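The structure presented is a predicted model; accordingly, all values stated were derived computationally and were not measured. Letters A, B, ... mirror the listed sequences (proteins, then strands); counts begin at 1.
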Amino acid sequence: MRLSQKNYAIDLGLFPLGSCTMKHNPRLNEKLARLPGFADIHPLQPQATVQGALELIDELATWLKTLTGMPAVAMSPKAGAHGEFCGMMAIRQALVARGEAETRKRVLVPASAHGTNPATAVQCGFIVDEIKANARGRVDMDELKAKLEMSDDIAGIMLTNPNTCGLFETDIKEIADLIHAAGGYFYCDGANFNAIVGRVRPGDLGVDAMHINLHKTFSTPHGGGGPGSGPTVLSDALAPYAPVPFVVKDEDGVFRLVEDMEGDASESFGRMVAFHGQMGMFVRALTYMLSHGADGLKQASEDAVLNANYIQARLKSVMTPAFDGYCMHEALFSDAFTADGIETIDIAKSLIDEGYHPMTMYFPLVVHGAMLIEPTESESKAELDRFCDSLEAIARRAAQGDETMKGAPYLAPMRRLDETQAARKPVLKWTPPETSSVAAE
Amino acid sequence: MRYLPLTPEDRAEMLATIGAKTVDEFFTDVPEAARLGSTIEGLPDHQGELAVERHMSNLAAKNRSASSGPFFVGAGAYKRHVPATVDMVIQRSEFLTTYTPYQPEIAQGTLQTLFEFQTQVAAMTAMDVANASMYDGSTACAEAAIMATRVTRRKKVILSGGLHPHYAAATKMVCEAQGFEVFQLPATVDGENALADAVDDQTACVIGQSPNIFGTVTDLSKSADAAHEKGALLVSVFTEAVSLGLVTPPGEMGADIAVGEGQSIGNGLNFGGPYVGLFACTQKLVRQMPGRLCGETVDADGNRGFVLTLSTREQHIRRDKATSNICTNSGLCALAFTAHMTLLGGKGLEQLALLNHEAACDLADALEAVPGVEILTPRFFNEFAFRTPMDAEAVLAMLDEAGVVGGVRASRLFPDGHMGDVIICAATECTTPEDIAAYAAALKEII
Ligand SMILES: Cc1ncc(COP(=O)(O)O)c(C=O)c1O
């Protein structure tokens, strides 16, 4: 208990961590996930005894397919990065089927992408080719076209939309068409889906694969780093290669798990993980979707975008917006407004003393000293105003070069921690003073 | 509307501050042809708590929960008693609703429990260091294989026939995508020794499992020696963490990397997820590890504290050169593991393991007394395979009718047709003498 009190959490206040979608985690979700009919069933018990579980997976899949406008979804990926892996493996398998897996190795990834994107591409045996952002924070179309013209080994592109600068990729349809014309596939990182639910369907933008972080857009709790869940929607072109297992509904209304790579799954790229995915997260996400309904999910996205634009509008005179114009669900600032010597980290740590969790800092990499603020739809106007007042005051101190900021936080359970020392001489477990027995104290 | 605090007046005021007329102005970058109308077609509108609860409860009621009768399914996930304290701790908002501890000054709760988790996993596996969790045992196994290829700069991975087939499939898929060769030994109940014969000087690692998928407890020391002699690594896998209370831990068998499933400590069955992957290795290999690591340090006042460390291995720093693409892991399940382990302590784990082993011995005795049953597993912890004179699927279906969930048919895991008459079953501390008697009686009726 004492330890828990040393944590900040969304239940305690605004948690504006950009790219992470720290929205309210409804308690009803927790309650229903603990029903014995979901929490106390074994992944390998006879399928006749888990028809409700398979039906739930099928129902959630229907919601995800409808919201994204995509024909298929792989449910087993365990988190966003695992979903990326799923989508990129499906692309790889499609290339294998075309006999082009050995010749098409190049995956284009914008410099602003989350680190999991390039790491995933490499994990699937691809090589990463970085593309720059233009002055408006979007993909540089000239560079993209030049790259596509120069090379005949394009496997695809991994593009986040809305992107990590909090902006919708204006040329997304053209990008999809260009990639397809070059013989490649379009992987969309759907981490920021919360901005556009009910407004636009990725399936209408030419996307071939996209993961959805249920632990972001659909409110399953982050749990201090996990677990998550990363269902991955697939286009008609990639659907045949989806991983096993998946749920099908037979004509007699019986739900069935396809676990072996035969029949419906004969072209599958294989199995990613033991069992069938994050059931505990599926229950929570479906509960959230049913509670909000189609109308509520759309309103949630609109409120998330409105809240971010409100923060941008309120702070743009004291901080430096990274790009002109409206943002989507997160507002991005650079550190251009700070005095010499004051850095983004000092602003973040000062925010802790004001009682808030800091924003995402130094990401995306394309903006100097980036501060990415994602309020989500869960915050009221009064709370946003309080937050903006606090951050405004900090920003003014940063502009004046207030040296005391370098010592922040002063009021947290701990002062600034020495990360260099931790890395230089790593101490990664507790060692008992004299004897060595199982440490369970 | 639920969970949405903005009022229409708030929205109007905010739009005025921004200088926009409607929210539509924020979405003008969306290609016009792709913009959706005012409603989402094909999905219902919002519902109240009662209606949602009713719907979900109806779905839940269509499933047979493991506690509702005699239950003997294992094979990588185990029905266990989770103390009430564990669920209470992980439902603390401060643990449940926080993010990855990237701001250590306000995340010492999460960080210290991760440090304890790493300490416990390292101690239980008798390895030098453990990370802060992977998604589950199977993905931990796949990551171990990739790590071994990186460490040895070799391209061949050898999988034991006793490795859980889902683990083998996940590992094979990842390795082959990266151009590594995977050599899978044929499935046998007691075949870990074949690993030692298969290793050659191209081998990056051999992957063995104990207790294996058929429950057989095996000494992997010989495989370790053979691997080390050829410059390869031994990856030692377990799917049942409680077994570590009784069997020789991976570190004492010479494992270089130990991976396994931690579900059976502190976590429910949950139809297969979320679970918690355990990943430990020798000190020498620490900088090649995947996943997050929590380390000790001091703050500006010199007080002891914890931070995430050695992140130059990870995707957010290293991008395409990272040791893994993992980001979100199994934090809260790791906390449940740690809460339960803290309640148990080393002695408690040993006692729990003993209870499990005794229950399985009783079960084996009872089933063996049924004419026609042949127990196949020579040395087991809490799980074993047996042969029936009939098709296993039919036997399980009839057991099911008798109210007994009797185990997993081996053919579900090994679909190539070899083991149609084999059932794998497990007992835990939840198994009662009445459960065992019911199983034996029902089986006797059937065969
Ligand atoms: C843009 C983006 N992509 C991918 C991911 C990875 O998702 P996960 O942490 O669920 O693996 C994240 C998560 O932080 C993200 O922000």
TODO: Kindly write out the residues that satisfy side chain to side chain donor-acceptor pair (under 3.5 Å) with A:Asp303, not counting sequence neighbours, or none if the list is empty.
DONE: A:Gln299, B:Arg11
Open item on the list: Please classify the contact of B:Asp45 with chain A as side chain, backbone, both or neither, using a heavy-atom distance under 4.5 Å.
Closed with: both
Task: A:Lys381 atom NZ, neighbour heavy-atom count above 12 within 6.0 Å - done: yes
Open item on the list: Taking side chain as everything from C-beta outward and backbone as N, CA, C, O, which of these in B:Asp400 sits under 4.5 Å from a heavy atom of chain A? Side chain, backbone, both or neither.
Closed with: side chain
Open item on the list: Less than 4.5 Å to any heavy atom of chain A: does that hold for the side chain of B:Leu335, its backbone, both, or neither?
Closed with: neither
TODO: Identify which part of B:Glu41 has an atom lying under 4.5 Å from any heavy atom of chain A, answering side chain, backbone, both or neither.
DONE: backbone
Task: Short N-O contact, A:Glu30 and A:Arg34, less than 4.0 angstrom - done: yes
Open item on the list: I need the minimum non-hydrogen distance between B:Ala107 and B:Pro101, along with the two atoms involved.
Closed with: CB-CB, 3.5 Å
TODO: Select one option (side chain, backbone, both, neither) describing which atoms of A:Asp418 are under 4.5 Å from chain B's heavy atoms.
DONE: both
TODO: Using a strict 4.0 Å threshold on nitrogen-to-oxygen distance, state whether A:Asp204 and A:Lys173 make a salt bridge.
DONE: no
Open item on the list: Taking side chain as everything from C-beta outward and backbone as N, CA, C, O, which of these in A:Met22 sits under 4.5 Å from a heavy atom of chain B? Side chain, backbone, both or neither.
Closed with: side chain
Task: Which atoms of A:Lys23 approach chain B - backbone, side chain, both or neither, heavy atom under 4.5 Å - done: neither
